[in-house]
Amino acid sequence: MKLYVKQMIVKALEQARSGGELKFESEPDIVVEKPKGTGQGDFSTTVALTLAKSEKKSPRSVAESILKYLPSSSADIESVEIAGPGFINFKMTPEFFLERLKGVARQGCEFGSVNAGKNEKILLEFVSANPTGPLHIGHGRGAAVGHSLSLLLKRAGFDVETEYYVNDVGNQMNNLGRSAWLRYRELFGEKINFPDDLYRGEYVKGTAQEIIDLKGKEFLGKSEEEVLPFFREFAGDSILNGIREDLAVFGVKFDRWFKEGSLYEDDLVGKSVDWLREKGHVYEKDGAVWLKSSDFNDEKDRVLVKQSGEKTYFCSDIAYHKNKIDRGFSKIIDLWGADHHGYVPRVQAVLEAMGYSKDVFRVLLVQFVALKRGKEKVSMSTRSGEFITLSEVIEEVGVDAARYFFLMRSSDTHLDFDLELAKEEAPENPVFYIQYAHARICSIFRNASDSGMVVPGPEEVDLSVLSEADAFSLIHKMLILPEVVEKSALAFEVHRVPHFLHDLVSEFHSYYAKHRVLSEDRPLSLARLFLLDCVRTTIANGLSIMGVSAPDKM
RNA sequence: GCGCCCAUAGCUCAGCUGGAUAGAGCGACGGUUUGCGGAACCGUAGGUCAGAGGUUCGAGUCCUCUUGGGCGCACCA
């Protein structure tokens, strides 16, 4: 929609230049926006202000030069005028908006899709929590943001795949196996002094019980060495299955679950090290193998292979990221908890050492979630294993509210998640505010069909009876969705979607309160039904990006 | 000590590549319905955009410093 105005300005600028009135060399950035104030038209541009300096003229006189070459009125434009320090304001005709409104109905659930991504292949990795314990609320934020981001990017025309990286090797898995083994013996009555550095959470007892149910006392009396492989794998699989289930309940699915272990099966890890060594980025010191990451903006060098001969987590991560790029993605995006930010330069360094372009890899950091119950902070201590799990939160507040709350804030600020507010079916709860609007519209449709009226199609509806300013304001708002999708996708900022929806819905409720939809005036009723159907579509499409349902009734 | 993130109304937060008078929600106060869902609507109060410099025609937005908070600085994953 703005593009249309922008193109007009571009044309006018070109003409003004060939007419000798302006002398800019390269086309300036043209900002077109919806003015905040009333009486400032439907669109506004600041080009004249931007150009003023290089043209060595006052902004207003630049604006006047541009204005000469703009159509002062047409089928789409009602008027163009200069305002304030040099803004050029456009007022559009009703037909301009009404035609585009019909477009919303024609596009239906496709409305809001754009092709800004041009089918670029993106791999989005998120959650990727170690299978050493159930997902907690922080992972929930990552899951909601990651999944919605994938939906958003798809809507914006990217070819997106999602992936969960399963860290199924290494020390933590050994610790998990050992924890299960100790709990197993404990369940048979042995007195265990449970070490602090192992997993103390209740869930490990559950896993131990599962093993007993399956294998009985088969392992009793054996050495840790003997039983560890079984316990490690069993516990890991059991917990991973739990994670899968939790995510499924949350509506989050992955295209692929990528196991760290598979990198070792194909020796991709060893090959990556060899390859880096050939390039001269690897050296040996103190019996370990190091990467010269300090050559690539990392603060110091990093160990790839420990003295013990074991490879570090970083080492397999190198192979993993190389593998991702080799699979043909032009962009790989990782969503990490903010506590991993120190790890970013390291991965960037190694990818650069490997010769990949800097902007292939992008990390999005998601800040912490503080759980609250009203004013009270709910303490979360991972050490004791006493944290609130994602599934507990979902159980308490529901999928829709949980997802909405995770998505409503910019992910680079801390999030206060208020359990009381999220589960309240009250006006304070923003999820219900939006869903309520959708249900309300559906309810009007039900009433309409009771009196023999159906929402008309875009080809048959007569919208000329829509004249109130509120309707046009509502239409303008709806038509912004494609821009919201494009901009938030390019910025990787999902939170703009719920903010847009909240604004839109607020205008709808206000319209509803002022203008009765169903009345004796049949043509007007039909036109308003059509208008609301488009609002409904817009709400539903927006909610679908968030993975939140759009209910017909509540 | 070094590095990253954050600081906007009483609270929780928006503010898109710098643009017109800084916006919502909640909370507070007051109002609206014998009609389409009152889970709603309308109004009032509430701000030195942490502080100080700087760049600019123009700064909440960009730069520097200070203060305050979060996080990270492993041969853990």
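Predicted model only: the values in this text are computed from it and were never measured. All chains are named by letter (A, B, ...) in the order of the sequence lines, taking the proteins before the strands, and each is independently numbered beginning at 1.
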Asker: Base, sugar-phosphate, or nothing for A/S44, non-hydrogen atoms under 4.0 angstrom?
Answerer: base
Asker: When we call it a touch if two heavy atoms are under 4.0 Å apart, what does A/H340 touch: a base, just sugar-phosphate, or nothing?
Answerer: base
Asker: Rounding to the closest angstrom, what is the interatomic distance between B/C13 and B/C75 at atom C1'?
Answerer: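 About 43 Å, rounded to a whole number of Å.
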Asker: Taking the six-membered ring for Trp, are A/H495 and A/H499 parallel (under 30°), tilted (30 to 60°) or perpendicular (over 60°)?
Answerer: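 Geometry flag for A/H499 against A/H495: perpendicular rings.
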Asker: Using a strict 4.0 Å threshold on nitrogen-to-oxygen distance, state whether A/K324 and A/D334 make a salt bridge.
Answerer: yes
Asker: Of A/R446 and A/A513, whose closest RNA chain B nucleotide lies nearer the 5' terminus?
Answerer: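 So the residue in question is A/R446.
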Asker: Heavy atoms under 4.0 Å, any strand shown: does A/A52 hit a base, just sugar-phosphate, or nothing?
Answerer: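 No contact at all - A/A52 keeps every heavy atom at 4.0 Å or more from the nucleic acid.
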Asker: Rounding to an integer number of angstrom, what distance separates B/C63 and B/A7 when you compare their P atoms?
Answerer: 14 Å
Asker: Under 4.0 Å, counting only non-hydrogen atoms across every strand here, what does A/T50 touch: a base, just sugar-phosphate, or nothing?
Answerer: base
Asker: Is the phosphate of B/C2, meaning OP1 or OP2, less than 4.0 Å from a side-chain N or O of A/K300?
Answerer: no
Asker: Students often get this wrong, so: under 4.0 angstrom with heavy atoms, is A/H414 touching a base, only sugar-phosphate, or nothing?
Answerer: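 It contacts sugar-phosphate atoms only.
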Asker: Output yes when at least one side-chain N/O atom of A/S443 is less than 4.0 Å from OP1 or OP2 of B/G37, else no.
Answerer: yes
Asker: For A/P35 and for A/H515, locate the closest nucleotide of RNA chain B by heavy-atom distance; then report the residue assigned to the nucleotide nearer the 5' terminus.
Answerer: A/P35
